[in-house]
Protein chains: 2
Amino acid sequence: MPRKVDHHERRELLADALMRLAAARGLEGVSLRHVAAEAGVSTGMVQHYFRTKDEMMTFALGMVMDRIRARSTAAAAPATPRELVRGLLLQVLPLDETRRLENHVVLAFLAYAAVKPSIASDLRESAAQTRTFLADQLRAAGAAGLDPERAAAGLLALVDGLGLQLLSLQYAEEDAVAALDAQLALLFGPA
Amino acid sequence: MPRKVDHHERRELLADALMRLAAARGLEGVSLRHVAAEAGVSTGMVQHYFRTKDEMMTFALGMVMDRIRARSTAAAAPATPRELVRGLLLQVLPLDETRRLENHVVLAFLAYAAVKPSIASDLRESAAQTRTFLADQLRAAGAAGLDPERAAAGLLALVDGLGLQLLSLQYAEEDAVAALDAQLALLFGPA
DNA sequence: CAGTTTACATTGCGACTGTATTGTCATCTT
DNA sequence: AAGATGACAATACAGTCGCAATGTAAACTG
């Protein structure tokens, strides 16, 4: 065997370039040559690490979702269930540049998923994961008389929608946070 | 002048074909030739009615948004403000085949808008319009102690998010409606 | 009837796409 | 030392893309 190279690391390098492209020029601006150019490598190398474009796309999406999940669980360190829920949901919203980038990519893939079922099932699984985690926290908080599953789904939908509106600049960041807090107040009682 | 042809009607014919394509194969499956084939005409005709692909895209998006708006205001006929708000929001959700199609198209354009600012401003304007209408209805309903603008924004975000989850099949239709009703109950009081 | 104008259809061009093929090293095994 | 193998690089190919150019037929104006 020849030179030892960390396969995964190279793939992440390429997927990072893909992310930047997707955020800047949309998913349709992503081509093998563009990714190669953005990463500063040859297109042959891209082909070496991803046998097909689809494989590259799928890997990139997985990477983004992993990062979001990692940051979310990292933010879940201290505090009451309510603060935990708030912290987690705030991590999903595009409130800084890296998260805005990630949200752009997720949105692009969300539209892409409408066509490619395999992508769709990846997204679905990831969403289900966060939803049950959220529901557990709501259950622990034990607000009387509300279905935790339902409330979790509602919160997630709200945050998704807010993220959407933030991305299309329909909305100021502080208003989005305020909307989330208002909803939390409705669920948990006034702060 | 030669044969008289309803310009607008032809453009709608083509935009309809575009919608079908966008819903079935995504916005990247939309090309001049595909639209022509789907509409059963020559690509020359498509070029005749839209000088550029971008013009065609913009027109199609406008058409979809007009239809959604038309159906929403049509649904706003009778009833109390609360029922009116519910009816309007239910019109936005993808609960039947035509609305699912429209939502697919809107989602595709939403992702597209992240790259093309002109598309983004169209979407933004349309959203602002529904939001103020919604806020007016909430004000009329006069639930004590809640900011109508905020609540309207929150509701719209919730419906957007629910629509997103419905499209990606994360969610059953009845659950989405239930989530909406739960939120309305929080705002207006129990039904 | 001549001529202009509109409504298309056909064709072609240059750019770009994903992918297959092939080649060239450097490294590891034996 | 020989050869197999992995890490790339370069190129070629068939297809598609948006768009421009050109052609043709029909209808209206004068």
Side-chain angles (χ1 to χ4, degrees), chain A residues 1-22 24-61 108-109 111-113 115-119, chain B residues 1-22 24-61 108-109 111-113 115-119:
Chain A
M1 295 171 189
R3 191 150 54 110
K4 185 75 177 135
V5 166
D6 185 338
H7 223 77
H8 191 74
E9 179 190 335
R10 297 289 180 154
R11 286 164 80 106
E12 285 202 329
L13 182 100
L14 296 174
D16 266 323
L18 191 156
M19 262 189 66
R20 272 174 268 135
L21 278 179
R25 309 219 292 264
L27 222 57
E28 50 206 23
V30 172
S31 77
L32 296 186
R33 291 166 234 262
H34 283 158
V35 169
E38 173 76 25
V41 302
S42 75
T43 83
M45 159 153 168
V46 178
Q47 284 194 94
H48 182 67
Y49 285 103
F50 299 106
R51 283 178 319 189
T52 170
K53 184 188 180 183
D54 235 73
E55 191 180 313
M56 180 176 71
M57 299 286 233
T58 306
F59 178 86
L61 173 61
F109 273 105
Y112 194 50
V115 184
K116 299 233 22 159
S118 63
I119 297 276
Chain B
M1 297 166 185
R3 192 149 54 109
K4 185 74 176 136
V5 165
D6 186 338
H7 222 78
H8 190 73
E9 178 191 334
R10 297 288 179 152
R11 287 164 79 107
E12 286 202 326
L13 182 100
L14 296 175
D16 266 323
L18 191 156
M19 264 188 65
R20 270 173 270 139
L21 277 179
R25 310 219 289 264
L27 221 57
E28 52 206 25
V30 172
S31 76
L32 296 187
R33 291 168 236 261
H34 283 158
V35 170
E38 173 76 25
V41 302
S42 75
T43 83
M45 157 152 170
V46 177
Q47 284 195 92
H48 182 67
Y49 285 104
F50 298 106
R51 284 179 317 192
T52 170
K53 183 188 181 184
D54 235 73
E55 193 180 310
M56 179 176 71
M57 300 285 233
T58 307
F59 179 86
L61 173 61
F109 274 105
Y112 194 50
V115 184
K116 300 236 19 161
S118 64
I119 297 277

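To find a chain, count down the sequence lines: A is the first, B the second, and so on, and within it residues start at 1.
Distances shown here put a side-chain N or O of A:T52 below 4.0 Å from the OP1 or OP2 atom of C:dT19. Within the 4.0 Å cut-off from OP1 or OP2 of C:dC16, not a single side-chain nitrogen or oxygen of A:H34 is found. Applying the 4.0 Å criterion to OP1 and OP2 of C:dA7, one finds that B:H48 has a side-chain N or O inside that range. The phosphate of C:dT17 has OP1 or OP2 within less than 4.0 Å of a side-chain N or O from A:S31.
The nearest whole Å value for the distance from the CG atom in A:L32 to the C1' atom in D:dT16 is 15 Å. Between B:R51 atom CZ and C:dC8 atom P there is a gap of 17 Å when expressed in whole angstrom units. Atoms CZ (A:R11) and C1' (D:dA7) sit 15 Å apart, rounded to a whole Å. One atom, CG of A:L27, and another, P of C:dT17, lie 14 Å apart when rounded to the nearest Å. Atoms CG (B:L18) and P (D:dG18) sit 11 Å apart, rounded to a whole Å. Rounded to an integer number of Å, the gap from OH of A:Y49 to C1' of C:dT19 is 19 Å. With rounding to whole Å, B:Q47 atom CD is found 16 Å from C:dT6 atom C1'. Between the CZ atom of B:F50 and the P atom of D:dC19 there is a distance of 13 Å, rounded to whole Å.
You'll find the side chain of A:F50 stays beyond 4.5 Å of the side chain of A:M57, heavy atoms only. Put simply, the side chain of B:M56 reaches to within 4.5 Å of the side chain of B:L18, judged on heavy atoms.
When ring centroids are compared, B:Y49 and B:H8 stay outside the 6.0 Å threshold.
For the pair B:R25 and B:E38, the salt-bridge criterion is not met [side-chain N within less than 4.0 Å of a carboxylate O].
Within the nucleic acid shown, B:V30 comes within 4.0 Å of sugar-phosphate atoms alone, with no base atom in reach, counting heavy atoms only.
Side-chain atoms of B:K116 never come within 3.5 Å of backbone atoms of B:D54 as a donor-acceptor pair (strictly under, hydrogens ignored).
For B:R33, the listed nucleotide lying nearest its side chain is D:dG18; candidates were D:dC8, D:dA12, D:dG18.
Take the nearest nucleotide of DNA chain C for B:G44 and for B:H7: the residue whose nucleotide is more 5' is B:H7.
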